[in-house]
Novice: 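Input: one structure, supplied below.
Chain naming here is simple, since letters A, B, ... match the order of the sequence lines and numbering starts at 1 in each.
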Number of protein chains: 2
Amino acid sequence: MDRFLSSFVHNVDAKGRVSVPASFRQVIASRGIRELFAMRSLSQPAIDVGGPELMEHYEKQMEAVDPFSDLYQELAIYAYGDGAYLKFDTEGRILMTDFIRAHTGITDRVTFVGVKNSFQLWEPDNFEAFRGALREKLRDRLTRDRGGSTSVETPE
Amino acid sequence: MDRFLSSFVHNVDAKGRVSVPASFRQVIASRGIRELFAMRSLSQPAIDVGGPELMEHYEKQMEAVDPFSDLYQELAIYAYGDGAYLKFDTEGRILMTDFIRAHTGITDRVTFVGVKNSFQLWEPDNFEAFRGALREKLRDRLTRDRGGSTSVETPE
DNA sequence: CCCGTTCCCATTGACGCCCACGGATGCCCA
DNA sequence: TGGGCATCCGTGGGCGTCAATGGGAACGGG
């Protein structure tokens, strides 16, 4: 039970707060994550949330780049300037800031999606559409690769 | 929590004052930074702000240049000539001087961008445009040469 | 003496902490 | 096996605190 799994839809209250799923909080605690870090996903209208590894991932990549190059500077701005800390309140809730809303389209509901070592925040309809498209894509690929006599069934 | 992280937009009042984000002031205090340096970014319409390491960073960068060359002279003038020490008032605010405004285009709002060991001052619209372009650039790089040594990969 | 700069105080709006409620779940015991 | 109970979790609201902001007063240099 140490990885983020499954997805949950939670409500945003009038103050912009959302409860982080209890199971996610458990994972966070068991991993010893103290500070929750959030980054805009590069390819999706979603926010990636996780521990410091999320940022360290980019730091590692920066090590291979000339520290005085423009690319290095740009990576630094992306890794450090384009994210935010998320603070829990005493109830285990986080705030949907403008930074999150603008990138995801979230208003009054949020889908939490577990992605192993981190999780994502989505606007529920967006995620539903994305998930549907993703399934189809994967199904096509699977049927093709397997010679595709029958469709591939996934448990719901 | 000892690095400059995330970005904030603050207002400039009629006297030219802006509140430095509380979290940045906290980093400054925890690092024991006494004097805040400000100088022009070499590659962006932004001001770099930080402690003494910032100046050392510039100096290292300039070491690659012949100290008696015109380029060196020009770099020195560019970076130092218009550089400044920033003083806080009792409220934790700094002044938007003319040289800051001229280089960045800042008028009545400022974006503070954390970049690990220092932070930057941007005119909000400029930064937003820059950030958008940067995201696109990094995303292209990600999808184009996947697995390449210089590629940028997202976690998971 | 005037102007710019720094200090001090007031306001307001956001955020963190506290408590309260209701539904669902799981547990215990008959 | 089924009913009742305790607990946990998601949710909502009230309140105190602090940060961001704005304006006025005092100070100092030119």
Novice: Check every strand shown and say whether V9(B) touches a base, only sugar-phosphate, or nothing at a heavy-atom separation below 4.0 Å.
Specialist: nothing

Novice: In whole angstrom, give the distance that lies between atom CD of Q26(A) and atom P of dG10(D).
Specialist: 11 Å

Novice: In terms of side-chain heavy atoms, does D48(B) have a donor or acceptor partner in Q120(B) at a distance below 3.5 Å?
Specialist: yes

Novice: Given dT11(D), dG12(D), dG10(D), which nucleotide is nearest the side-chain atoms of D13(A)?
Specialist: dG12(D)

Novice: Please state how far atom CD1 in I94(B) lies from atom C1' in dA20(D), giving the value in whole angstrom units.
Specialist: 14 Å

Novice: Check E63(A) with K60(A), please: is the shortest side-chain N to carboxylate O separation under 4.0 Å?
Specialist: no

Novice: Does the plane of the ring in F37(B) sit parallel, tilted or perpendicular to the ring in Y85(B)? Use 30° and 60° as the thresholds.
Specialist: tilted

Novice: Rounded to whole Å, how long is the line connecting atom CG of D108(B) with atom C1' of dT21(D)?
Specialist: 13 Å

Novice: Working note: E59(A) + R3(B), criterion salt bridge (charged side-chain N to carboxylate O under 4.0 Å, His left out); need CA distance, chi angles, decisive distance, verdict.
Specialist: CA-CA 13 Å; E59(A) 284 182 349; R3(B) 38 184 89 169; 2.6 Å; yes

Novice: Measure up the F24(B) and F119(B) rings against each other and bin them: parallel (under 30°), tilted (30 to 60°), perpendicular (over 60°).
Specialist: tilted

Novice: Give me each pair satisfying ring pair (Phe, Tyr, Trp, His ring centres under 6.0 Å) with a member in residues 38-72 of chain B, each pair once, sequence neighbours excluded.
Specialist: F68(A)-H57(B)

Novice: Report the distance from atom CG of D98(B) to atom P of dG4(C), rounded to the nearest whole Å.
Specialist: 11 Å

Novice: Using atom CG of L86(B) as one end and atom C1' of dT6(C) as the other, report the distance to the nearest whole Å.
Specialist: 16 Å

Novice: Once you round it to whole Å, what is the distance between P of dG23(C) and CG of N11(A)?
Specialist: 15 Å

Novice: Whole Å only: how far is the CZ atom of R25(B) from the P atom of dT21(D)?
Specialist: 10 Å

Novice: Base, backbone or nothing for each nucleotide of nucleotides 8-22 of chain C, written B, S, -, heavy atoms under 4.0 angstrom, 5' to 3'?
Specialist: BB-----SBBBB---

Novice: For D2(A) and R31(A): C-alpha separation, side-chain torsions, deciding distance, then whether salt bridge (charged side-chain N to carboxylate O under 4.0 Å, His left out) applies.
Specialist: CA-CA 7 Å; D2(A) 63 340; R31(A) 288 186 171 221; 5.3 Å; no

Novice: Identify which one of T107(B), I106(B), D108(B) satisfies the side-chain contact (heavy atoms from CB on, under 4.5 Å) criterion when paired with M96(B).
Specialist: I106(B)

Novice: Does the side chain of V113(A) come within less than 4.5 Å of R131(A)'s, by heavy atoms?
Specialist: no

Novice: Kindly calculate the angle separating the two end axes of the helix from dC1(C)-dG30(D) to dA30(C)-dT1(D), each obtained from five base pairs, and round it to 10 degrees.
Specialist: 30°

